[in-house]
Amino acid sequence: MVEKYDVVILGGGVAGGSLAHALRRQKKTVAVVENNLFGGTCPNRGCDPKKILLAGLEVTQTVADMQGNGISGHVEVNWPDLMRHKRQYTDPISHATQHSLEADGIDTFHESGQFNQEGQLQAGDHLLEADNYVIATGQRPRRLDIPGKEYFKTSTDFLNLNEMPKDVTFIGGGYIGFELAGIAHAAGAKVHLIHHNDHPLKQFDPQLVKEVIGHLEDEGIDVQLNKSVTQIAKIGEQYVLSGEDNFKLPTDMVFCTSGRIPNIDTIGLDQVGVDYDDHGVKVNDYLQTTNDKIFAMGDVVSTKRPKLTPVAGYEAGYLADYFAGSRDQITFKSIPTLVFGQPSLARVGLPSSIANGDDHYLLISNDMTGWYSYHRLNEPLAKAKVVVDRENGTVVGATVLSNHADYLINIFTLMIDQRMKIDDFNKEILAYPSLASDVTYLV
Ligand SMILES: Cc1cc2nc3c(=O)[nH]c(=O)nc-3n(C[C@H](O)[C@H](O)[C@H](O)COP(=O)(O)OP(=O)(O)OC[C@H]3O[C@@H](n4cnc5c(N)ncnc54)[C@H](O)[C@@H]3O)c2cc1C
Ligand SMILES: NC(=O)c1ccc[n+]([C@@H]2O[C@H](COP(=O)([O-])OP(=O)(O)OC[C@H]3O[C@@H](n4cnc5c(N)ncnc54)[C@H](O)[C@@H]3O)[C@@H](O)[C@H]2O)c1
């Protein structure tokens with residue numbers, strides 16, 4: 001029997017879940033098909049559990065930074081306890097998310113979905129038919145295709161590790177490699193971060209990336225650039241990584257953090273004429289695929305935009321408006337991105353490397369390390385680069401490196417999107433002393 005809906009959503013992650021609730025508010029009939037954990041990557045195996053485990057790094061690093069400045073005695077991460085703390089948050093997520101969808105009148109199917117030739121969606125024994133379908137299947141960790149790839153662990157494995165091994169290696173210096181390396185180091189592991197060229201974290205200001213790497217090395221993390229791992233062998237209880245120029249590294253566990261790939265291979269896109277490439281499903285400016293009944297949003301979309309939770313949520317909001325009758329094209333505001341750590345590295349808007357040497361822009365570089373906000377907890381590294389449009393006196397870009405870069409980058413994001421003149425910002429009365437009130441001195 002065919003079950004009919006206004007909209008069927010494939011993938012019950014951030015994007016799928018929030019669109020489903022929004023469509024119910026429009027009284028539409030909606031089904032969500034999810035083959036793993038409801039809630040998707042972010043709350044189950046991404047942003048949120050990662051940030052909970054990051055607490056270990058934040059606390060130990062803060063205590064270490066304050067030694068001799070009024071704080072004495074060292075603290076250690078107890079990994080199994082920290083993992084339990086994480087699981088208290090993550091374990092209930094999937095059930096609670098599914099329950100909240102059902103309570104809102106949304107039908108949920110805990111199945112893998114696949115389009116058939118008739119354009120319907122097969123979900124286990126159920127055949128679902130809808131006026132419109134939305135693909136929101138996200139991405140999964142990529143495993144480098146090298147001999148021994150079966151030994152690779154992924155970020156999902158890391159976020160569920162019962163014991164922290166003595167020696168761990170991350171291959172790939174992107175967001176995930178840097179963030180998990182910091183967490184593992186704080187938990188007492190000897191950490192190696194291997195990257196295949198000389199520009200890890202390529203989206204960020206190279207000079208500030210260098211500062212991050214220098215700091216990690218000072219802390220005892222082994223960062224190796226221009227090293228390509230070509231093979232993993234298991235010898236006894238250890239894994240031995242090898243590569244060009246006699247590179248050899250024995251380690252207890254090896255994580256592939258060299259990027260993510262879209263979940264598009266098993267959902268029958270060819271059956272329904274939906275075009276895709278290696279980066280995901282191709283869409284137009286209405287998030288519509290090459291089949292005009294089928295839309296796509298979130299991480300599964302082929303795009304150069306950062307693939308992040310707020311972007312997935314924003315696209316879900318756009319599609320909710322579209323299904324309510326709006327026919328505006330999707331436009332994006334500034335998208336801040338952040339590598340969490342101690343310190344965190346954040347950026348938004350025009351990159352400082354583009355502004356540098358262009359007379360149209362003023363590039364203001366600040367070393368904030370001695371400022372009271374950073375002196376307070378004796379932070380070793382606090383820097384910012386702000387790009388100002390000389391013509392109208394507005395901020396158009398910013399990069400921040402500090403333990404609390406997330407606060408400042410959100411303020412710069414608002415300034416950029418509101419096209420707020422620096423003079424007007426300086427007229428605001430902000431709580432003092434606070435990171436926000438520091439912005440006055442930064443521009
Ligand atoms: C380790 C890690 C840390 C991250 N940290 C951050 C961060 O700090 N900040 C940030 O903004 N972003 C972060 N991200 C990215 C963020 O998690 C994603 O951008 C976000 O989850 C995308 O949402 P989505 O709904 O598009 O996809 P997802 O949340 O991945 O949801 C897709 C869902 O579709 C399901 N699915 C896939 N195939 C099928 C199928 N055939 N049938 C049925 N269901 C299917 C999946 O199981 C999944 O539940 C992180 C990601 C990772 C991996
Ligand atoms: N804080 C955040 O916002 C956050 C955190 C984690 C993940 N994410 C999201 O998840 C996505 C995936 O993260 P990621 O870190 O896996 O991917 P990424 O694309 O950010 O980084 C992967 C890195 O691996 C490198 N690499 C590729 N092949 C390699 C090889 N053979 N050897 C060594 N290095 C190699 C790449 O050059 C790149 O720097 C991010 O792009 C982002 O969208 C966001």
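Remember, predicted model here, so these are calculated numbers, not experimental data.
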* Asked: How about Glu129 and Gln120: does a side-chain donor come under 3.5 Å of a side-chain acceptor?
  -> yes
* Asked: Is the shortest heavy-atom distance from the side chain of Asp107 to the side chain of Val30 under 4.5 Å?
  -> no
* Asked: Would you say Thr257's side chain and Gly172's backbone share a donor-acceptor pair under 3.5 angstrom?
  -> yes
* Structure fact -> Here the gap from Ile176 atom CD1 to Ser258 atom OG, rounded to the nearest 0.5 Å, amounts to 9.5 Å
* To do: Supply the atom-to-atom distance Ser228 OG to His195 NE2, rounded to the nearest 0.5 angstrom.
  => 9.0 Å
* Please say whether more than 12 non-hydrogen atoms of neighbouring residues, nucleotides or ligands are located less than 6.0 Å from NZ in Lys293. => yes
* Relative to Tyr361, does Arg390 satisfy both conditions: NZ or CZ under 6.0 angstrom from the six-membered ring centre, and within 45 degrees of the ring's axis? -> no
* Backbone N/O of Val274 and side chain of Asn291: donor-acceptor pair under 3.5 Å -> no
* Structure fact -> Tightest non-hydrogen contact, residues Cys42 and Cys47, listed as SG-SG, 2.6 Å
* Of all the heavy-atom pairs spanning Leu159 and Leu53, show the shortest one and how long it is. => CD2-CD1, 3.8 Å
* To do: Could you tell me whether His99 and Phe38 have their ring centroids closer than 6.0 angstrom?
  => no
* Between Asp145 and Lys149, is there a side-chain N and carboxylate O pair less than 4.0 Å apart? -> yes
* **Pro351 side chain near Ile354 side chain, heavy-atom distance below 4.5 Å** => yes
* With a 3.5 Å cut-off and no angle check, do the side chains of Asp367 and Thr369 form a donor-acceptor pair? -> yes
* To do: Assess Arg327 against Tyr286: is NZ or CZ under 6.0 Å from the centre of the six-membered ring, and within 45 degrees of the ring's axis?
  => no
* To do: May I have the step-by-step check of side chain to side chain contact (heavy atoms under 4.5 Å, CB included) for Thr169 and Ile194, ending in yes or no?
  => CA-CA 7 Å; Thr169 301; Ile194 314 292; 3.8 Å; yes
* To the nearest 0.5 Å, what is the distance between CG (Asp417) and CZ (Phe332)? -> 13.0 Å
* To do: Please report the C-alpha distance between Thr154 and Phe158 in whole Å, then the side-chain angles of each, then the deciding distance to 0.1 Å, and finally whether the side chain to side chain contact (heavy atoms under 4.5 Å, CB included) criterion is met.
  => CA-CA 6 Å; Thr154 67; Phe158 182 91; over 6 Å; no
* Structure fact -> One should read off an interatomic distance between Leu128 CG and Glu111 CD, to the nearest 0.5 angstrom, of 9.5 Å
* Examine the side chains of Asn366 and Lys385 and answer whether a donor and an acceptor come within less than 3.5 Å of each other. => no
* For residues Asp205 and Ser352, is any side-chain donor paired with an opposing acceptor at under 3.5 Å? -> yes
* To do: Any chance you could lay out the side-chain hydrogen bond (donor to acceptor under 3.5 Å, both in side chains) test for Thr413 and Asn410, step after step, and finish with the verdict?
  => CA-CA 5 Å; Thr413 303; Asn410 281 335; 4.6 Å; no
* **Heavy-atom side-chain contact between Pro80 and Asn78 under 4.5 Å** => yes
* Under 3.5 Å, is there a donor-acceptor pair linking the side chains of Thr90 and Asn44? -> no
* Do the ring centers of Tyr175 and Phe340 come within less than 6.0 Å of each other? -> no
* So, the side chain of Asn132 versus the backbone of Ile294: is there a donor-acceptor pair under 3.5 Å, distance only? -> no
* Can you list every salt bridge (charged side-chain N to carboxylate O under 4.0 Å, His left out) pair that touches residues 38-52, not counting sequence neighbours? -> Lys50-Glu179, Lys51-Asp406
* When rounded to the nearest 0.5 angstrom, what is the spacing between OG1 in Thr62 and CD in Glu379? -> 7.5 Å
* Structure fact -> Here the salt bridge (charged side-chain N to carboxylate O under 4.0 Å, His left out) pairs for residues 262-287, sequence neighbours left out, are Arg140-Asp265
* First locate atom CG of Asp6, then atom CG of Asp131, and finally report the distance between them rounded to the nearest 0.5 Å. => 5.5 Å
* **Distance-only donor-acceptor check, side chains Glu3 and His126, under 3.5 Å** => yes
* Verify side-chain hydrogen bond (donor to acceptor under 3.5 Å, both in side chains) between Asn35 and Ser112, making sure each step is shown before the conclusion. => CA-CA 5 Å; Asn35 67 359; Ser112 275; 3.1 Å; yes
* Between Pro206 and His199, is any pair of side-chain heavy atoms under 4.5 Å apart? -> no
* Structure fact -> Taking every heavy atom of Val300 against every heavy atom of Ala136, the minimum-distance pair comes out as CG1-CA, 4.3 Å
* side chain to side chain contact (heavy atoms under 4.5 Å, CB included) between Ile411 and Leu414, worked out -> CA-CA 5 Å; Ile411 290 170; Leu414 288 172; 5.6 Å; no
* To do: Could you tell me whether a side-chain N or O of Lys86 sits under 3.5 Å from a main-chain N or O of Asn160, the two making a donor and an acceptor?
  => no
* Asked: So, do Ile106 and His21 sit near enough that their side-chain heavy atoms are less than 4.5 Å apart?
  -> yes
* Below 4.5 Å, heavy atoms only, C-beta onward: do Val134 and Leu319 meet side chain to side chain? -> yes
* Asked: For Asp125, does the CG atom sit with more than 12 other heavy atoms under 6.0 Å from it, leaving out its own atoms?
  -> no
* Compute the centroid of each ring, for Phe152 and then for Phe255, and state whether the two points are separated by less than 6.0 Å. => no
* Looking at the rings of Tyr133 and Phe115, which for Trp means the six-membered one, are their centres under 6.0 Å apart? -> yes
* Asked: Can you check whether Ala22's main-chain N or O pairs, donor with acceptor, with Lys28's side chain at less than 3.5 Å?
  -> no
* Asked: What is the minimum heavy-atom distance between Ser373 and Ser434, and which atoms define it?
  -> OG-O, 4.5 Å
* To do: Please answer whether the main-chain N or O of Leu161 pairs with a side-chain N or O of Trp79 as donor and acceptor at a distance below 3.5 Å.
  => yes
* **Test: Asp424 and Lys421 ion pair at under 4.0 Å** => no
* State whether the side chain of Tyr318 and the backbone N or O of Asp328 hold a donor-acceptor pair below 3.5 Å, judged by distance alone. => yes
* Exercise: identify the closest heavy-atom pair between Ala355 and Val387 -> CB-CG1, 3.4 Å
* side chain to side chain contact (heavy atoms under 4.5 Å, CB included) between Leu19 and Val32, intermediate numbers included -> CA-CA 10 Å; Leu19 176 61; Val32 173; over 6 Å; no
* **Donor-acceptor pair, side chain of His110 and main chain of Asn36, under 3.5 angstrom** => yes
* Asked: Hey, does Val33 have a side-chain heavy atom less than 4.5 Å from the side chain of Ile9?
  -> no
* **side-chain hydrogen bond (donor to acceptor under 3.5 Å, both in side chains) between Thr394 and Asp389, intermediate numbers included** => CA-CA 5 Å; Thr394 59; Asp389 185 328; 4.8 Å; no
* Asked: Does the separation of the ring centres of Phe170 and Phe178 fall below 6.0 angstrom?
  -> no
* Asked: Hey, does the side chain of Arg142 reach the backbone of Gly259 with a donor-acceptor pair shorter than 3.5 angstrom?
  -> no
* Asked: Quick check: does any side chain N or O of Arg143 sit under 3.5 Å from a backbone N or O of Glu150, one acting as donor and the other as acceptor?
  -> no
* Asked: Can a donor-acceptor pair be found between the side chains of Thr137 and Asn263 at a distance below 3.5 Å?
  -> no
